[in-house]
S.K.: 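Got a structure for you, written out below as structure tokens; questions coming shortly.
Bear in mind the structure is a predicted one, so any value in this text is a computation, not a measurement. Here is the naming used below: chain letters follow the sequence lines, and residue numbers restart at 1 for every chain.
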Amino acid sequence: MFLVIDTALIIEKLSLIVVVVLTSLGIALYTTFAERKVAALLQDRRGPNRVGPFGLLQPLADGLKLFFKEEITPNLSSKFLFTIGPALAMLTALMTSAAIPWAGKATFFNREISLQIANVDVGILYIFGVVSLGVYGIMIGSWASNNKFSLMGGLRAASQIISYELAMGISIIALVMVTGNLGLKEIVQQQQDNNWWNVVYQPLGFLIFMICAFAECNRTPFDLPEAENELIGGYHTEYSSMKMGFYLFAEYINMIISSAVMATLYFGGYDIPFVNDAQLQQGALGDWVALFQVLCLLAKIVAFLFLFMWVRWTIPRFRYDQLMNLGWKVLIPLALVNMLLTGGVILYFNK
Amino acid sequence: MNLTTILFIFLSVLALGSAIMMVTRKNPVHSVLYLVITFFAISGHYVLLNAQFLAIVNIIVYAGAIMVLFLFVVMMMNLNIEAEPQKNRLLQFAGVISGGSLLLVLLAALMKTKGTVMIGEGDYGLVKNLGKVLFNDYVVPFEISSVLFLSAMVGAVVISKKEK
């Protein structure tokens with residue numbers, strides 16, 4: 001493809017990128033707050049309530065604290081890689097948001113704009129690829145710290161993510177068999193037209209995908225890379241100040257993005273339930289439908305985030321051999337069976 | 001010079017530069033990281049050729065899985081300059097000669113190819129066309145290569161299994 005520079009397109013995409021990145025950062029900021037509140041709720045406490053009304057300014061206070069802490073670079077670390085580790089973790093976390101469709105289309109300044117940063121032809125694979133790169137941030141950071149506990153955490157993260165990627169990939173194959181399409185926007189449109197969300201066709205696939213998403217985000221019960229009673233702080237033992245903050249923040253952004261991906265693939269994405277979106281857009285509401293679609297997707301994301309937190313404060317951590325057994329001996333065979341069943345059913349009905 | 005040419009030159013310099021850095025670095029972890037950058041540059045070339053599927057699969061398989069395992073092993077072995085054994089001079093010569101002859105064969109094969117692909121033309125690389133060609137014209141080689149992969153996997157499991 002010959003690239004032609006189109007100023008209007010560049011401005012459109014740039015503003016979209018800025019909005020999406022800032023929104024995900026903002027949500028991530030308040031997800032840390034929500035996590036503490038949900039933890040308090042589940043443990044029958046009050047949670048943070050001192051800074052601002054209902055403790056709403058708590059995330060700002062936390063952020064300021066991280067910024068003003070002393071930054072320590074270990075003497076024997078590789079300085080460049082030590083710095084690039086958290087940056088890579090953050091970069092890969094944010095890059096995934098490019099392929100997610102946030103709403104249908106809307107008209108701004110007489111320009112019809114599709115509310116998606118890049119409509120990649122192979123959207124699912126793009127997200128899958130970028131997620132698999134996320135482990136580099138952790139591995140590089142942990143190796144550059146020159147600390148055995150960090151390295152152990154990094155190695156655990158790498159082996160865990162590679163093991164669970166297999167089951168995740170196979171569950172995605174079953175989904176692609178149903179949709180016959182790799183673009184995320186097309187998958188959402190199909191779910192709008194079918195009236196049924198993909199989770200109805202792929203309940204087992206969704207379950208496998210969700211478990212793998214938990215493992216890829218290093219969330220409890222799969223948070224072995226940072227198991228504090230075995231590895232001090234895991235891969236970020238040597239990190240302090242905002243570099244540490246970046247690692248923690250990247251985890252929350254990963255959670256948000258995987259919630260968005262789960263909502264898009266299995267729960268209709270920006271589809272407003274029980275309503276025909278296309279008819280509404282033709283009718284009185286016009287472009288305001290796009291706003292409702294964004295809100296709908298956000299509501300689905302928040303529901304998944306609550307699930308992430310609920311699980312974290314309910315289920316204890318796996319032992320390492322249990323983790324590997326679950327990945328290789330339970331999830332991968334289940335995903336394979338799911339794929340075979342899906343293929344068989346599709347063949348039977350198409351005959 | 002249009003934007004595509006600039007991108008092509010940038011990606012080529014990046015690929016070649018990081019490949020050379022990969023060979024010359026003393027620290028194996030740095031070598032692995034430079035190799036990852038090379039894979040990214042090559043994926044960029046695929047995107048310029050409008051082969052998005054190939055680009056993404058290259059990243060998933062090589063950068064995302066194989067290189068992570070390489071990095072894993074290198075980090076676990078904790079290889080560094082002091083631990084590196086002194087290499088035999090003869091072995092080094094043999095390596096250079098065999099590598100050079102491989103390069104010669106590759107160059108000769110590439111010089112003979114006809115039908116160069118123009119940047120920015122064709123849609124061979126899109127998933128739909130690729131799938132049709134792969135599962136219609138090349139079904140047998142495709143299936144045979146998958147059997148080959150399976151046997152390699154079984155072999156790896158057999159080798160890594162402890163003898164009792």
S.K.: In the structure I gave you, are the side-chain heavy atoms of Asn254(A) and Glu216(A) within less than 4.5 Å of one another anywhere?
M.R.: no

S.K.: Please examine the side chains of Leu166(A) and Leu331(A), heavy atoms only from C-beta on, and report whether any two atoms are closer than 4.5 Å.
M.R.: no

S.K.: Are Tyr320(A) and Ser159(A) linked by a side-chain donor-acceptor pair shorter than 3.5 Å?
M.R.: yes

S.K.: Classify the angle between the aromatic ring planes of Phe82(A) and Tyr239(A) as parallel (below 30°), tilted (30 to 60°) or perpendicular (above 60°).
M.R.: parallel

S.K.: Heavy-atom distance under 4.5 Å to chain B: side chain of Leu182(A), backbone, both or neither?
M.R.: side chain

S.K.: When you check the side-chain N and O atoms of Asn338(A) and Gln202(A), is any donor under 3.5 Å from an acceptor?
M.R.: yes

S.K.: Looking at Leu33(B), Val68(B), Leu69(B), which one has more heavy-atom pairs under 4.5 Å with chain A than the rest?
M.R.: Val68(B)

S.K.: For Val36(B), which atoms come within 4.5 Å of any heavy atom of chain A: side chain, backbone, both, or neither?
M.R.: side chain

S.K.: Can you tell which part of Leu71(B) gets under 4.5 Å to a heavy atom of chain A, answering side chain, backbone, both or neither?
M.R.: both

S.K.: At a heavy-atom separation under 4.5 Å, does Leu81(A) approach chain B through its side chain, its backbone, both, or neither?
M.R.: side chain

S.K.: Contact part of Leu125(A) toward chain B, heavy-atom cut-off under 4.5 Å: side chain, backbone, both or neither?
M.R.: both

S.K.: Assess whether atom CE of Met152(A) is packed by more than 12 heavy atoms of other residues, nucleotides or ligands within 6.0 Å.
M.R.: no

S.K.: Output the option from Ile60(B), Val57(B), Ile59(B) having the highest count of non-hydrogen pairs under 4.5 Å with chain A.
M.R.: Ile60(B)

